[in-house]
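Presented below is the structure to which this report refers.
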Amino acid sequence: MDSQENVLQNEEQLEEKKVEETVVNDTLAKVEEAVEEPATETAEQEPETDNVESMESLPQETSEADNQPVAEVENPVVEEEQPAEIAAEEEQSEEPADTVEEKPTEEQKIYKTKAEVIERIKELAHGEESPTKEEVDLLKTIFYKLHFAEREADMKAYLDNGGDPEKYQVLPDEDENVFKAEMSLIKEKRSKLFQEQETEKQENLKRKLEIIEQIKTMVTSPEEANKNYQEFKKLQQEWKEIKLIPAEKANELWRNYQLYVEQYYDLLKLNSEAREYDFRKNLEIKNRLCEAAEKLANEADVISAFHQLQKLHQEFRETGPVAKDLREEVWSRFKAASTVINKKHQKHFEALRSKEEENLVKKTELCEKVEEIGKRENKGAGDWEKNTKEIIALQAEWKTIGFAPQKMNVKIFERFRAACDDFFGRKTEYFKDLKKKFAENAEKKRALVEQAQALQDSTDWKSTSDKLIALQKEWKTIGMVPKKLGDQLWNDFLGACNKFFEARNAANAGTRSTERENLEKKRNIIAEMKSLLQDAGEDVQEKVMELVEKYQAVGHVPFKEKDKIYKEYHETLDKLYKELNISTARRRLDNFKSNLKNMAERGADALDNERSRLMRRYETMKQEIQTYENNLGFLNAASKKGNSLIDEMVRKVQKLKDDCELVRQKIKAIDAENVEE
């Protein structure tokens, strides 16, 4: 890529130098026609003094206005040194080549494949044709557009076929190597052409200096002026045909040439008939050029119209003068037509610049969106894939937006690409780590499969059941693996477990009927407990204890029903205990309140003593409750569900809380009795 950038940089420097020198040379060519034809009307007349004045004031004030077409008449600044149309050409040359969105050329329409582009590149590299920067840039743009489109299509096909993004590699492209090699030849060819042009400029400069010396010699011999007219015309024609000269010599060369040409015309005595014939011929040509310029106003393609106008200006400059009384009229007509085209051209580029600014705003917004996505936290592969789809959508939207201003076009693209590269780089690292974790998890699960398969034929039902259940719990703690491999490992593991448990169930089939009988017995005991909730007699507590002992004496129930019956039993038992505690506490509180009157009659000290005793008991019970609850916390963290010891302790804590509440109510009753007294 560095070599390509160097090639582009050298080509741009070459083109910029060529544009600068072309502008200066065109300046010289545009002005020189001001004195191309004789200013005198007859061979016998004396030289006109206004010609000398126009020579001193340069083209801005010369009477040869019709020989100086203006492509941008609104720019008065450049008229001091050069014809005004040069300003338009210079303004055009300063337009960034990459931002002029012209209509598709024929080349853009016919180059559909890289092979066609390479074929054209080879023609430019090896043929006689001189490659232009515009065509080379166009071919380069089309080639890499096709090149990157092929690369994206290959990668998409690879991913669609289940390929691993980490293993995808961009294969070397022979077409790209050929393209780069041919572009290198074109660079050398253009460099050689540049050197040839430099040599040609020096030779042209030398020849133009010789022409000036020859005209200078003619000026010093007034009596020979008419005789040398044909030779003078040949020198003028030769001067026109010499185009490229060093830019730094252009102004001085032009001033010297104009000086001696004006002096020669002052000395020249032509007969009026020949001069009038030249005027009529030039008028016909310039009228035709005016008509052609006026028709360009209807040209739909503004860029094409502008380029055609430049050619008309060149021809207008190279055409000789017309009669003096028609010069201003012809020139005004041509200038007016030029102004229409130039204004349309200017508006076109103003619209382009405005569109480019809009594009910059849109691209900046896309950069901000990608950067915002890059800041998000990706908790898993799903988040990465979701954000990837959003960024790909933003990339697709980016392609629909045109150029930004030249100064910002590269910078905004680099910002966008950096944000995308950062995201996809981190995504690659994430999936690389994930792939590593998948491999580790797969190894762990393979080890569990091997252990389960080693136990699947065991007949030690209890011990092996515990081991397989432990393996199943450990399996759940292991992370994910790729789905296809994960399904295979799980089927192997599940098959080994099922084989053992099916054999165990077949061996224990005889115990199932007994377990179902036990289940029915426990359900009947629970039903009796529920009936006590509806109708509790005086001996309800003794009945409850009998039912508890009876329940605990019943053997095992079916495994699937164990948790359900256990839950129902303890919920019913808890309700009974709660009802018993509440009713007992209520009776005790009522009895205590009845005895308060007798206690009050014995004096206030009796009440205070009783209150102090109850407070000490209340604090003691609170500490016991706190101790039990702390112990329950430790036991719950380390014990299995349904542990009977824990359940019994929970009931004790609840009974303590109920007793504690009863003591608190007694204290409140004593306080209320003291208030009444």
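As the structure is a prediction and not an experimental result, all values here were calculated from the model. The basis for the numbers below is simple: all heavy atoms, side chains too, and nothing from hydrogens, waters or symmetry mates.
- With no hydrogens or angles considered, a side-chain donor-acceptor pair links Glu661 and Gln665 at under 3.5 Å.
- Relative ring orientation between Trp398 and Phe416 is described as parallel, the plane-to-plane angle staying below 30° on a 0-90° scale split at 30° and 60°.
- Salt-bridge check for Asp173 with Lys114: passed, with a basic side-chain N closer than 4.0 Å to an acidic carboxylate O.
- Only one option out of Thr388, Asp383, Asn387 pairs with Asn378 in a side chain to side chain donor-acceptor pair (under 3.5 Å); it is Asn387.
- Closest approach of Leu489 to Val449, counting heavy atoms only: O-CG2, 3.6 Å.
- Note on Lys483 versus Asp487: salt bridge recorded, some NZ/NE/NH1/NH2 to OD/OE distance being below 4.0 Å.
- Using a distance-only test at 3.5 Å, with no hydrogens or angles considered, no donor-acceptor pair links the side chain of Glu385 to the main chain of Ala381.
- Within the 4.5 Å cutoff, side-chain heavy atoms of Glu568 are placed close to those of Lys530.
- With rounding to the nearest 0.5 Å, the separation of SG in Cys367 from CZ in Arg417 is 11.5 Å.
- Nearest heavy atoms, Pro405 versus Leu360: CD-CB, 3.9 Å.
- Checked for salt-bridge contact, Glu371 and Arg415 meet the test: a charged N lies under 4.0 Å from a carboxylate O.
- Salt bridge present: Asp466 and Lys462 bring a charged side-chain N and a carboxylate O closer than 4.0 Å.
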Could you go through the side chain to side chain contact (heavy atoms under 4.5 Å, CB included) check for Tyr111 and Leu139 one step at a time? CA-CA 8 Å; Tyr111 296 132; Leu139 292 170; 3.3 Å; yes
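- Within the 4.5 Å cutoff, no side-chain heavy atoms of Trp475 are placed close to those of Leu494.
- Using a cutoff of 4.0 Å between basic side-chain nitrogens and carboxylate oxygens, Lys386 and Glu390 are scored as salt-bridged.
- Distance alone, capped at 3.5 Å, is enough to place a donor-acceptor pair between the Asn518 side chain and the His556 backbone.
- Note that CE of Met621 is 5.5 Å distant from CG of Leu656, once rounded to the nearest 0.5 Å.
- Within the 3.5 Å criterion, the main-chain N or O of Gly402 finds a donor-acceptor partner in the side chain of Lys363.
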Could you walk me through whether Arg151 and Asp154 pass the side chain to side chain contact (heavy atoms under 4.5 Å, CB included) test, one step at a time? CA-CA 5 Å; Arg151 182 180 293 179; Asp154 290 343; 5.6 Å; no
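- Between Thr113 and Leu146, the shortest heavy-atom distance links the atoms C-CD1, 3.4 Å.
- Between Asn524 and Glu520 there is a side-chain heavy-atom pair separated by less than 4.5 Å.
- What you find for Leu485 and Ala442 is that their closest heavy atoms are CD2-CB, 3.8 Å.
- The backbone N or O of Glu528 lies less than 3.5 Å from a partner atom in the side chain of Ser531, making a donor-acceptor pair.
- Interatomic distance, Arg353 CZ to Gln406 CD, rounded to the nearest 0.5 Å: 11.0 Å.
- For Asp457 and Lys499, the salt-bridge test passes: some basic side-chain N is under 4.0 Å from an acidic carboxylate O.
- Between His147 and Phe143, the ring planes lie parallel to each other; the angle is under 30°, not in the 30° to 60° tilted range.
- Here the CD1-CG distance, from Ile118 to Asp175, works out to 4.0 Å after rounding to the nearest 0.5 Å.
- Considering all non-hydrogen atoms of both residues, Gly374 and Phe423 come closest at CA-CD1, 4.5 Å.
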Check step by step if side chain to side chain contact (heavy atoms under 4.5 Å, CB included) holds for Gln472 and Phe493. CA-CA 9 Å; Gln472 290 173 347; Phe493 182 74; 3.9 Å; yes
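- Using modelled atom types, no side-chain atom of Tyr551 and backbone atom of Ile526 make a donor-acceptor pair closer than 3.5 Å.
- Between Lys668 and Arg664 the shortest side-chain heavy-atom distance falls below 4.5 Å.
- Interatomic distance, CD of Glu397 versus CD1 of Ile391, reported as 13.5 Å (0.5 Å rounding).
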Determine whether Arg446 and Glu443 satisfy the following criterion, salt bridge (Lys or Arg N to Asp or Glu O under 4.0 Å), listing intermediate values before the conclusion. CA-CA 5 Å; Arg446 284 192 187 96; Glu443 285 301 316; 2.9 Å; yes
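- In this structure, Asn441 contributes its side chain and Ile478 its backbone to no donor-acceptor pair below 3.5 Å.
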As a quick check of understanding, evaluate salt bridge (Lys or Arg N to Asp or Glu O under 4.0 Å) for Arg613 and Glu610, giving each step before the final call. CA-CA 5 Å; Arg613 185 184 69 80; Glu610 181 65 17; 2.4 Å; yes
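- Distance check: Lys562 NZ to Leu519 CG gives 13.0 Å after rounding to the nearest 0.5 Å.
- For Trp384 and Phe424, the distance between ring centers is not under 6.0 angstrom.
- Around atom NZ of Lys427, more than 12 heavy atoms belonging to other residues, nucleotides or ligands sit under 6.0 Å away.
- Taking the charged nitrogens against the carboxylate oxygens, Lys180 and Glu176 do have a contact shorter than 4.0 Å, which makes a salt bridge.
- For the pair Glu429 and Lys432, the salt-bridge criterion is met [side-chain N within less than 4.0 Å of a carboxylate O].
- Across Val370 and Ala419, no two heavy atoms sit closer than the pair CG1-CB, 3.5 Å.
- Looking at Glu474 and Gln451, their side chains never come closer than 4.5 Å, going by heavy atoms from C-beta outward.
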Any chance you could lay out the side chain to side chain contact (heavy atoms under 4.5 Å, CB included) test for Lys467 and Ser463, step after step, and finish with the verdict? CA-CA 6 Å; Lys467 291 178 181 178; Ser463 175; 3.6 Å; yes
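- Put simply, the residue from Lys369, Lys375, Arg376 that forms a side chain to side chain donor-acceptor pair (under 3.5 Å) with Glu372 is Arg376.
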